[in-house]
Structure formats: structure tokens, C-alpha cells
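A short worksheet on the structure shown next.
Values below: every heavy atom of this structure, side chains too, minus hydrogens, waters and symmetry copies.
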Amino acid sequence: MSGIKGVVLLTRLKYVESNYGKDGLKQFLDKLDVDKDSPLFQPVIISKDYSEDLLQDIDKVLLKEYFNDDVNKFYELGAWNAHHLLPTYFQIYIDEKNPGGFIEQMARLRPHLVGLGETLVSAIEPNQYLVRINYGQPYPESARLSELGFMEEGVRMCGAKQVKSKVEEKDETSVEYQIEWK
């Protein structure tokens with residue numbers, strides 16, 4: 001994964017700070033396998049591209065030290081992120097109760113919010129979509145799960161009920177979901 005936007009890194013850091021306080025964030029940063037010249041010790045700019053290695057280092061520490069080696073906790077992290085990002089980038093879809101519009105806009109904003117890869121969406125029905133995320137290279141399960149959690153919670157925040165998703169196809173560089181709701 002190359003070219004991760006700063007907003008992705010910041011949401012993870014904000015999650016740690018929100019759940020463990022400023023001292024917890026400092027301890028978290030101390031556990032990262034990065035030197036003091038790392039971009040993390042400079043102001044992280046939301047639209048700037050950062051190395052995927054930095055995201056993997058962050059996720060490795062989250063997994064081991066904070067998630068007790070439960071990779072599924074990244075799904076919860078993605079849902080947590082939805083509550084912090086949707087009001088900023090997707091408020092109109094929340095107000096309109098338009099889950100499909102949120103999914104379509106998410107695909108359009110991927111280059112600006114995530115950076116790497118591309119998201120393609122197809123509406124099957126007004127409440128059923130195929131969402132294909134092509135990362136363009138092998139991706140960590142932490143990234144896949146946090147994105148899925150973000151999408152599903154985002155759909156809920158936009159008015160969907162009984163949200164279900166299933167993996168239609170998955171390989172080392174891409175994943176396709178069917179997401180539906182009532």
C-alpha cells in the first residue's frame with residue numbers, strides 16, 4: 001500500500017488518544033518502531049501521502065498492545081472512525097438518510113481520504129450495492145476490516161437498518177462486498 005493519506009493515520013492516533021488519553025498516546029508513540037525523524041513526530045497533514053509502512057507499524061502496535069491480538073478489533077476501529085469522519089465529509093448523506101449516496105461518494109472521495117487504490121460501486125437495488133476495493137497491491141487485514149467497519153457504520157449513520165455485508169470475492173490485492181440494508 002503506497003500513499004496513505006494522513007487522515008488515515010490521524011484517525012488511528014485519535015482513537016488511541018480518545019480511549020487512553022494524552023499519556024496513553026505518548027506511550028503508544030513510544031512503542032512504535034520508528035525513529036524520532038518519523039513523520040509522526042511532525043504535524044501529520046490530512047491530505048499528505050505517507051508510507052504504508054507507517055500505517056502497518058501503527059496497526060502492529062494497536063493489534064499487539066491494545067487489541068490483544070484480535071484483528072477483528074480493526075472492524076470496531078473503522079466503525080469508531082465513521083462517527084468521527086462522516087459528520088465532516090458526508091453530513092449531507094446523514095441528513096438525507098441516503099446510504100447509497102454515502103457509498104457512492106465514498107468511492108469518489110477515496111483518492112482524497114484514503115489515497116491508495118480505487119473503489120468501484122454498483123447499485124443492484126436501491127438498498128443493495130456491490131463495492132469493490134482494489135488496493136493495487138497486497139493489503140493487511142487490518143486495513144480491510146477497518147474499511148469494512150467504516151462502510152457498514154457509515155451506511156447505518158445514513159439511515160440504514162439491518163445492515164449486512166458478505167465477501168463476494170477476495171484475493172491478495174482486492175475485495176468485493178455485497179452490502180445490503182432495510
Side-chain angles (χ1 to χ4, degrees), residues 1-15 18-19 44-50 52 55 58-59 62 71-137 139-182:
M1 294 178 355
S2 181
I4 301 295
K5 293 296 181 186
V7 71
V8 175
L9 303 177
L10 286 172
T11 56
R12 280 159 163 73
L13 298 177
K14 184 70 174 166
Y15 173 85
S18 293
N19 287 284
V44 176
I45 300 169
I46 63 172
S47 60
K48 184 178 174 186
D49 289 336
Y50 294 88
E52 75 276 3
L55 177 63
I58 289 170
D59 284 357
L62 278 172
V71 74
N72 292 311
K73 293 285 189 180
F74 283 98
Y75 176 90
E76 295 172 19
L77 172 65
W80 184 91
N81 285 336
H83 286 277
H84 292 84
L85 292 178
L86 258 72
T88 301
Y89 298 102
F90 302 96
Q91 185 64 46
I92 191 167
Y93 304 104
I94 296 170
D95 293 346
E96 293 176 348
K97 298 198 181 316
N98 183 354
F102 158 70
I103 289 175
E104 291 168 0
Q105 181 71 349
M106 192 183 75
R108 289 188 292 270
L109 287 179
R110 181 181 197 85
H112 307 289
L113 292 178
V114 177
L116 71 134
E118 65 181 354
T119 301
L120 303 171
V121 298
S122 299
I124 300 169
E125 299 286 335
N127 63 336
Q128 186 179 39
Y129 278 72
L130 286 177
V131 178
R132 181 172 191 76
I133 302 171
N134 182 345
Y135 294 93
Q137 60 190 47
Y139 59 89
E141 187 69 355
S142 60
R144 184 190 77 78
L145 287 170
S146 64
E147 246 186 301
L148 178 60
F150 180 83
M151 257 189 313
E152 285 187 8
E153 190 63 21
V155 167
R156 282 184 197 93
M157 290 175 66
C158 293
K161 306 286 186 234
Q162 298 177 19
V163 178
K164 297 178 189 172
S165 69
K166 68 177 181 176
V167 174
E168 293 290 322
E169 287 183 37
K170 182 178 163 190
D171 62 34
E172 68 179 14
T173 61
S174 63
V175 61
E176 183 175 82
Y177 302 102
Q178 180 176 307
I179 301 176
E180 60 184 70
W181 60 87
K182 296 202 186 256

Exercise for the section: Flag the pair Lys164 / Ile179 as yes when at least one side-chain heavy-atom distance between them is below 4.5 Å, and no otherwise. Expected result: no

Practice task
Report yes if some heavy atom in the side chain of Trp80 is under 4.5 Å from a heavy atom in the side chain of Ser18; otherwise report no.
Solution key: yes

Spatial distance of atom [atom1] ([X]) from atom [atom2] ([Y]) [nearest 0.5 Å]:
X      : Y      : atom1 : atom2 : answer
Leu85  : Met106 : CG    : CE    : 11.5 Å
Asn134 : Leu116 : CG    : CG    : 9.5 Å
Arg132 : Ser122 : CZ    : OG    : 10.5 Å
Ile4   : Leu55  : CD1   : CG    : 5.0 Å
Leu10  : Ile46  : CG    : CD1   : 8.0 Å
Tyr15  : Leu77  : OH    : CG    : 6.5 Å

Closest approach of [X] to [Y] (non-hydrogen atoms, all atoms of both residues):
X      : Y      : answer
Val8   : Thr11  : O-OG1, 2.8 Å
Pro87  : Ala82  : CD-O, 3.9 Å
Asp49  : Gly3   : OD1-O, 3.6 Å
Ala160 : Val163 : CB-CG2, 3.8 Å

Exercise for the section: For Tyr139 and Val175, run side-chain contact (heavy atoms from CB on, under 4.5 Å): C-alpha distance rounded to whole Å, both residues' side-chain angles, the deciding distance at 0.1 Å, then the answer. Expected result: CA-CA 10 Å; Tyr139 59 89; Val175 61; 4.0 Å; yes

Problem - Under 3.5 Å donor-acceptor, Lys5 side chain and Ser47 backbone - result: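 Checking the backbone N and O of Ser47 against the side chain of Lys5, a donor-acceptor pair under 3.5 Å is found.
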
Practice task
For Asn127 and Trp181, indicate whether the former's side chain and the latter's backbone hold a donor-acceptor pair under 3.5 Å.
Solution key: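 Looks like yes, one N/O pair under 3.5 Å.
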
Fill in the blank from the handout: So ring-ring contact (aromatic ring centres under 6.0 Å, His included) across residues 87-115, not counting sequence neighbours, yields Phe90-Phe102

Please tabulate, one pair per line, all N/O donor-acceptor pairs under 3.5 Å involving side-chain atoms of residues 142-157, not counting sequence neighbours.
from, atom 1, to, atom 2, distance (Å)
Ser142, OG, Asp59, OD2, 2.7
Arg144, NE, Glu141, OE1, 3.1
Arg144, NE, Glu141, OE2, 3.3
Arg144, NH1, Tyr177, OH, 3.0
Arg144, NH2, Glu141, OE2, 2.8
Ser146, OG, Arg12, NH2, 3.1
Ser146, OG, Ser142, O, 3.1
Ser146, OG, Ala143, O, 3.2
Glu147, OE1, Arg110, NH2, 3.2
Glu147, OE1, Tyr135, OH, 2.7
Glu147, OE2, Arg110, NH1, 2.5
Glu147, OE2, Arg110, NH2, 3.3
Glu152, OE1, Tyr75, OH, 2.3
Glu152, OE2, Ser165, OG, 2.2
Glu153, OE1, Arg156, NH1, 3.3
Glu153, OE2, His83, NE2, 2.7
Arg156, NH1, Glu152, O, 3.4

Practice task
List the steps, then state whether side-chain contact (heavy atoms from CB on, under 4.5 Å) holds for Ile94 with Cys158.
Solution key: CA-CA 4 Å; Ile94 296 170; Cys158 293; 4.0 Å; yes

Exercise for the section: Mark yes when over 12 heavy atoms from residues, nucleotides or ligands other than Leu120 sit less than 6.0 Å from its CG; otherwise mark no. Expected result: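 Atom CG in Leu120 is packed in, count exceeds 12.
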
Handout entry: Stepwise side-chain contact (heavy atoms from CB on, under 4.5 Å) test for Leu9 and Val7
Key = CA-CA 5 Å; Leu9 303 177; Val7 71; over 6 Å; no

Handout entry: Test side-chain contact (heavy atoms from CB on, under 4.5 Å) applied to Glu176 and Val167, step by step
Key = CA-CA 6 Å; Glu176 183 175 82; Val167 174; over 6 Å; no

